[in-house]
Amino acid sequence: MNKKLKKFVDALPIPETLKPLRKNKHETYYEVQMTEFHQKLHRDLGPTRLWGYNGQFPGPVIDVNQGEPIYVKWENKLPAKHFLPIDKTLHNLDKLPDVRTVTHLHGGETRPDSDGYPEAWFTRNYRDKGPHFKTETYHYLNQQQGATLWYHDHAMGITRLNIYAGLAGMYIIRDEQEERLNLPSGDYEIPLIIMDRSFHDNGELLYPQQPDDPQENWPNPSIRPFFIGEANVVNGKIWPYVEVEPRKYRFRILNAANTRAYQLFLDSGQSFYQIGSDGGLMRRTVKLESLAIEPAERFDVIIDFSGHDGETVILKNDLGSNADPEDETDDVMQFNVTLPLTSKDRSSIPRYLRRIPSLSENKVRRIRNLKLVGSTDKLGRPMLLLDNKKWLDPVTETPELGSTEIWSFINCTNFTHPIHIHLIQFQVIDRQPFDLDQYNQDGSIVFTGSAKPPNSNEKSWKDTVAAPSGQITRVIVRFGPFTGDYVWHCHILEHEDYDMMRPMKVIEKDKQE
C-alpha cells in the first residue's frame, strides 16, 4: 500500500450478537451463512471485498451460558472461485474445489463430528464434501467453564486464506462464578479482535502470491512461510478509536492474525489487570505492564480509565529496537476518555477469581517428546513439521479417554510457535532452554539453564501455548470428554497449512497399541 492512512479516524465497531432462529426448552438453533460482501475498513479506503459469517467482518459474537447446548448450521454461500492466491501443490489441492470451508470452535470441548476437522470441509450448498464430513449442523454442548473462545475456518490447505478473507468471530461462554465477581459488564465489556492486514491502494486485501525470495522452480502462487501485514485491524477497522468513560472496562482480546504475535502496552503507562486466558477465568488477577499474545491466544483484561478523564490512551505494539522506522504497526487502537460518567462505577477488580485444580496431582499415563523442526520439500521450499511427520503420515498421538499426559514441545527452529491442541484445555508446566546450535550439529539436547515455571498469566487453563525457539515447553493434558478424530498444530496459519499439523485420535481406554 503506497498511501499512508490516517490513524484513529474510524470508530471501533462492536460486533453484533448472533440471534437464534429458534429457541425453546428443547433447543437453541442458529443458522450462519458464509458470504462474500464489501465493507469499508477505513475512512480513506474504498470498500474491501471480504468473506464473513452472516456478511460481517469479523463475524457475529455467539454468546451463550454454560450448560446451554446450541445447534449451529454453518452454510457455505461463497463463490466458486477464491479471490486470494491458492498454492495447489499442497495436499492434492489441484484435485479439490477451490472454495471449501469448515468451522472450528477454537477452545471448545466438542464432539469430533462438530469440531471442524480439516477434511470435513464442504462447498457451496454442500455440493461437494470432504472425507470426514459428518453433519451440516454442529452441536455445541457448552459444558465447560465460562471462557472467551472463537470460531474460524479450518479447511485443509487454505485455512490461512479463508481466515485472511474474514472467516473468524468470537464465541463467549458465561457461567455463574463469573457473574458473582462484579466485573465490568454490559456496555463496559468490549471484544477486541485484533489482526494485521495489507491492502492495495483501492482498499482490496493484499496477500502476496510468493515468498519474498522465490526460486525459479517454485510454483506461482506458492505458500509463504509467514505473513506480516502493514496495518492493524481491530473489529474490522484499521487503527480505530473508541470513546470510553473514566471508569473500568473489561476487554476480551483475541489475536486473530495469521502469523503476528503482539506485544501490547498502553502509552499512558497504565497496567492491564488480566483476569482470564484461553480457558476462562484464572486463579487470581495478574497485574501486567504488557501483554505478549501469540496467534489464537485470548486475554481477558480490565483497564481502569478512572484517572485519565479527558485524555487519549493508545494501545501500542512493541516492535522492538530493530524495527523498521517505516513500520506503522506499533499502534493498534486509541481509547478516548471523553464520555461523561453515566453512573458511579461499582464494578470490581477481584484479587481471587476461581479455584482451578492442578493436573499435576493426576497419574501421568504417558510423556510425549514432540519436536518442532524445519525441513524442505522436493522443490527446496521451507516447510515446518511436528516430530518430523507430515499430515498424511499415520496417526501417532492416540491418548486414552480420561488419561493424563505430558506433552513436551522441543522447538528446534529459530522462532516461536503457538501450539494448539483441539478438544481440551491444558496447563503449562515449565520451559527449559537448550543449546540450539549443538542440536543442529549433532541432534543432542544440551540444557543451558534450569526449567522455568510458566508466566504468571499462564497458570490457568490454556489451549494454545507459546513454544519459544531453543526451549522445551511442557504442558500437562487430561484428554476428554470425547473420543474420536481431532488435530493438533501450530497456529501460525502459514505453518498449519504446510505441514505443521497432525491428526490425533482420542481412543477408548485399554485400546492403546
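Atom set for the values below is all heavy atoms of this structure, side chains included, hydrogens, waters and symmetry mates excluded.
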Novice: Could you check whether the rings of His104 and His154 sit parallel, tilted or perpendicular, using 30° and 60° as the cut-offs?
Specialist: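 Rings of His104 and His154: perpendicular, as their planes differ by over 60°.
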Novice: Under 6.0 Å between ring centres, would you say that holds for Phe415 and His495?
Specialist: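 Between His495 and Phe415, which both carry aromatic rings, the centre distance is below 6.0 Å.
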Novice: Are the aromatic ring centres of Tyr486 and Tyr117 under 6.0 angstrom apart?
Specialist: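 Centroid distance Tyr486-Tyr117: not below 6.0 Å, so no.
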Novice: Are Phe251 and Phe335 close enough that their ring centres sit under 6.0 Å apart?
Specialist: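 When the ring centroids of Phe251 and Phe335 are compared, they turn out to be within the sub-6.0 Å range.
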Novice: Is there a donor-acceptor contact under 3.5 Å linking the side chains of Asp115 and Tyr138?
Specialist: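 Distance-only check fails for Asp115 and Tyr138.
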Novice: So, do Tyr164 and Tyr207 have ring centers that fall under 6.0 Å from each other?
Specialist: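 Tyr164 vs Tyr207: aromatic centres under 6.0 Å.
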Novice: Check the side chains of Gln270 and Asp304 for a donor-acceptor pair under 3.5 angstrom, ignoring hydrogens and angles.
Specialist: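 There is no such pair between these side chains.
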Novice: Counting the benzene-type ring for Trp, do Trp488 and Phe479 have ring centres under 6.0 Å apart?
Specialist: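 No, too far apart.
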Novice: Look at the aromatic rings of Tyr249 and Phe305 and report parallel, tilted or perpendicular, splitting at 30° and 60°.
Specialist: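 Judged by the thresholds at 30° and 60°, the geometry between Tyr249 and Phe305 is perpendicular.
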Novice: What distance separates Asn202 CG from Arg49 CZ, expressed to the nearest 0.5 Å?
Specialist: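 The CZ atom of Arg49 is 10.0 Å from CG of Asn202, to the nearest 0.5 Å.
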Novice: Hey, are Gln145 and Asp175 close enough side-chain-wise for a donor-acceptor pair under 3.5 Å?
Specialist: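 No, no side-chain donor-acceptor contact under 3.5 Å.
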Novice: Compute the centroid of each ring, for Trp74 and then for Tyr151, and state whether the two points are separated by less than 6.0 Å.
Specialist: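 Yes, they do, as the ring centres are separated by less than 6.0 Å.
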Novice: Assert yes or no for the condition that the ring centre distance of His106 to His422 is strictly below 6.0 Å.
Specialist: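 No, they do not, as the ring centres are separated by 6.0 Å or more.
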Novice: Answer yes if the side chains of Arg284 and Ser456 hold a donor-acceptor pair under 3.5 Å, and no otherwise.
Specialist: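 Side chains of Arg284 and Ser456: no pair found under 3.5 Å.
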Novice: Name the orientation class of the two ring planes belonging to Tyr71 and His139 (parallel below 30°, tilted from 30 to 60°, perpendicular beyond 60°).
Specialist: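 Parallel, since the angle between the ring planes stays under 30°.
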Novice: Could you tell me whether Arg298 and Asp463 make a salt bridge, using a distance below 4.0 angstrom between a side-chain N and a carboxylate O?
Specialist: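 Yes, charged N to carboxylate O under 4.0 Å.
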Novice: Please check this pair: side chain of Gln432 against backbone of Gly449, looking for a donor-acceptor N/O pair closer than 3.5 Å.
Specialist: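 Here the side-chain-to-backbone pair exists.
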Novice: We want to know whether Tyr29 and Glu31 form a side-chain donor-acceptor pair, criterion being a heavy-atom distance below 3.5 angstrom.
Specialist: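 The answer is yes; a qualifying pair exists.
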Novice: Test your reading of the model: is there a side-chain donor-acceptor pair from Asn457 to the backbone of Gln274, 3.5 Å cut-off?
Specialist: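 Looks like no, no N/O pair under 3.5 Å.
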Novice: When you compare the side chains of Asn336 and Gln334, does any donor N or O come within less than 3.5 Å of an acceptor on the partner?
Specialist: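 Looking only at side-chain atoms, Gln334 and Asn336 do form a donor-acceptor pair, the distance falling under 3.5 Å.
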Novice: Between Arg43 and Asp10, does any side-chain N to carboxylate O distance fall below 4.0 Å?
Specialist: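 A salt bridge is absent here (no side-chain N lies under 4.0 Å from a carboxylate O).
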Novice: Whether Arg160 and Glu496 form a salt bridge (side-chain N of Lys/Arg under 4.0 Å from carboxylate O of Asp/Glu) is what I want to check.
Specialist: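 Salt bridge flag = no for Arg160 with Glu496.
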Novice: Is it true that Glu178 and Arg354 have a side-chain N and a carboxylate O under 4.0 angstrom from each other?
Specialist: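 Result for this pair is no, no salt bridge flagged.
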Novice: Does the pair Glu230/Lys4 count as a salt bridge with the N-to-O cut at 4.0 Å?
Specialist: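 Lys4 and Glu230: not salt-bridged.
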Novice: Is the shortest heavy-atom distance from the side chain of Asp331 to the side chain of Asn317 under 4.5 Å?
Specialist: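 With C-beta onward as the side chain, the pair stays apart.
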Novice: Main chain of Leu315, side chain of Asp267: is a donor-acceptor contact present, judged purely on distance under 3.5 Å?
Specialist: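 Not at all, since once roles are kept as given, no pair shorter than 3.5 Å links the two residues.
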Novice: Is it true that a side-chain atom of Gln177 and a backbone atom of Leu353 form a donor plus acceptor pair closer than 3.5 Å?
Specialist: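 Here the side-chain-to-backbone pair exists.
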Novice: With a 3.5 Å distance limit and no angle check, can you tell me whether His82 reaches the backbone of Leu84 through a side-chain donor-acceptor pair?
Specialist: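 Yes: the side chain of His82 pairs with the backbone of Leu84.
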Novice: Do the ring centers of Trp51 and Phe83 come within less than 6.0 Å of each other?
Specialist: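 Under 6.0 Å, so yes.
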Novice: Would you kindly say whether Arg474 and Ser408 are connected by a side-chain donor-acceptor distance under 3.5 Å?
Specialist: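 Ser408 and Arg474 do not have a side-chain donor-acceptor pair below 3.5 Å.
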Novice: Has Lys248 got a side-chain atom pairing as donor or acceptor with Ser347's backbone, closer than 3.5 angstrom?
Specialist: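 Confirmed, Lys248 side chain pairs with Ser347 backbone.
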Novice: Write down the atom of Pro357, the atom of Arg355, and the distance for their closest heavy-atom approach.
Specialist: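 For Pro357 versus Arg355, the nearest heavy atoms are CD-O, 3.9 Å.
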Novice: Would you mind reporting whether Glu245 and Pro340 have side-chain heavy atoms less than 4.5 Å apart?
Specialist: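 No, their side chains stay 4.5 Å or more apart.
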Novice: Describe, in one word, how the ring planes of His491 and Trp150 are oriented to each other, choosing from parallel (under 30°), tilted (30 to 60°) and perpendicular (over 60°).
Specialist: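 His491 vs Trp150 ring planes: tilted.
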Novice: Count the heavy atoms belonging to other residues, nucleotides or ligands that lie under 6.0 Å from CD of Glu176, then report whether that count exceeds 12.
Specialist: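 Counting other residues, nucleotides and ligands, CD of Glu176 stays at 12 neighbours or fewer.
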Novice: So, for Ala256 and Ile163, which heavy atoms are closest and what is the spacing to 0.1 Å?
Specialist: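 It is O-CG2, 4.3 Å.
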Novice: Using the rule side chain to side chain donor-acceptor pair (under 3.5 Å), only one of Asn142, Asp63, Asn65 pairs with Arg174; which is it?
Specialist: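 The single option meeting the side chain to side chain donor-acceptor pair (under 3.5 Å) with Arg174 is Asp63.
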